[in-house]
Amino acid sequence: MEKTQTQSYVKPGHKTLDLILTSMLVALVFVSTVFLNIKLPITANGGLVHLGTAMLFIASILFGPKKGALAGAIGMGLFDMVGGWLVWAPITIVARGLQGYLVGKIAWSKGSKGNSLGLNITATIVSMPFMIAVYYIGEGILYGNWIAPLASIPGDLVQNILGIIIAIPVCAALKKVPYFK
């Protein structure tokens, strides 16, 4: 069967394949976060830079808002749960789920399905303030202080910019692979 631009290899009736693909994306985000991270020496909780953000962007651009949201929320939420950041897990689930959804929604808008370089870049940039805002509010609530969370913003920016620098070229290259055309 030849695949056209509007068809998807994961058909609506193939829930098992859809579940497997989503689970693999969650695992890729989790592994990218666990094994490729650096804690920033800004403050006690000045941030963590990892490649999970790049993988979240890649999943959202290639597979859309639902899979992007699930990959980000579950993959990075699991990292928090097993990586010693348990108190952050609910915040991460909301922040990264929202970020994955926004990136996928914008990248897949106007029928582009992640094929528009301009929409992909816009999607990643637009998602950043939302992710940062959720972490800022969550941290403000955790610490009962609205000044301390400001120290995390530079790390969040670095992490997102690094994610964009990696994800955009990777997605452009993968879009040339027949599976993603």
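No hydrogens or angles considered: nothing links the side chains of Thr53 and Asn160 as a donor-acceptor pair under 3.5 Å.
Across Ala54 and Ala167, no two heavy atoms sit closer than the pair O-CB, 3.7 Å. Leu25 and Ala59 get closest at one heavy-atom pair: CD2-CB, 4.0 Å. Summarising the geometry of Asn145 relative to Ala148, their closest heavy-atom pair is OD1-N, 3.0 Å, with the distance given to 0.1 Å. Heavy-atom minimum distance, Ala107 versus Ala123: N-CB, 3.9 Å. Residues Gly100 and Ser60 share a closest heavy-atom pair of O-OG, 3.1 Å. Shortest non-hydrogen contact noted between Pro129 and Val126 is CD-O, 3.2 Å.
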Working for side-chain contact (heavy atoms from CB on, under 4.5 Å), residues Ile132 and Ile153: CA-CA 7 Å; Ile132 291 168; Ile153 294 174; 3.9 Å; yes
ring-ring contact (aromatic ring centres under 6.0 Å, His included) evaluation trace for Tyr136 with Trp146: CA-CA 8 Å; Tyr136 176 83; Trp146 299 103; 5.8 Å; yes
Chi angles and distances behind the side-chain contact (heavy atoms from CB on, under 4.5 Å) call for Phe30, Val82: CA-CA 10 Å; Phe30 175 75; Val82 301; 3.7 Å; yes
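Under the 4.5 Å side-chain heavy-atom criterion for Ile, Leu, Val, Met, Phe, Trp and Tyr, Ile20 and Tyr179 are members of distinct hydrophobic clusters. Leu19 and Met24 fall into different hydrophobic clusters, where Ile, Leu, Val, Met, Phe, Trp and Tyr are joined by side-chain heavy atoms under 4.5 Å apart, directly or via other members. Under a hydrophobic-cluster definition in which Ile, Leu, Val, Met, Phe, Trp and Tyr are linked whenever side-chain heavy atoms come within less than 4.5 Å, directly or via other members, Leu119 and Leu117 are assigned to the same cluster.
Looking at Trp108, its side chain does come within 3.5 Å of a backbone N or O of Ile61 through a donor-acceptor pair. No donor-acceptor distance shorter than 3.5 angstrom exists from the side chain of Ser127 to the backbone of Gln99, with no hydrogens or angles considered. A donor-acceptor pair is defined here as one N or O able to donate and one able to accept, closer than 3.5 Å; no such pair exists between the side chain of Thr92 and the backbone of Ala89.
Within the 4.5 Å cutoff, side-chain heavy atoms of Leu162 are placed close to those of Leu51. Within the 4.5 Å cutoff, side-chain heavy atoms of Ile121 are placed close to those of Ile125. Contact of the Ser152 side chain with the Glu139 side chain is registered, since non-hydrogen atoms from C-beta on lie closer than 4.5 Å. Looking at heavy atoms from C-beta onward, Val134 lies in side-chain contact with Leu98 at the 4.5 angstrom threshold.
Note that the CG atom of Asn120 and the OG atom of Ser112 stand 6.0 Å from one another [nearest 0.5 Å]. Interatomic distance, Met131 CE to Thr124 OG1, rounded to the nearest 0.5 Å: 12.5 Å. With rounding to the nearest 0.5 angstrom, the NZ atom of Lys176 is 12.5 Å from the SG atom of Cys171. Distance CG/Leu56 to NZ/Lys67: 14.5 Å, rounded to 0.5 Å. Between atom CG of residue Leu142 and atom OH of residue Tyr135 there is a gap of 11.5 Å, rounded to the nearest 0.5 Å. A distance of 5.0 Å separates CD1 in Ile161 from CE in Met128, rounded to the nearest 0.5 Å.
Around the NZ atom of Lys175, the shell of radius 6.0 Å holds more than 12 heavy atoms that belong to other residues, nucleotides or ligands. Sparse packing is recorded around OH of Tyr101, with 12 or fewer heavy atoms of other residues, nucleotides or ligands lying under 6.0 Å away. For Met81, the CE atom sits in a packed shell: over 12 heavy atoms of surrounding residues, nucleotides or ligands are nearer than 6.0 Å.
Looking at Ile168, Leu62, Ile164 one by one, the single match for side chain to side chain contact (heavy atoms under 4.5 Å, CB included) with Phe57 turns out to be Ile164.
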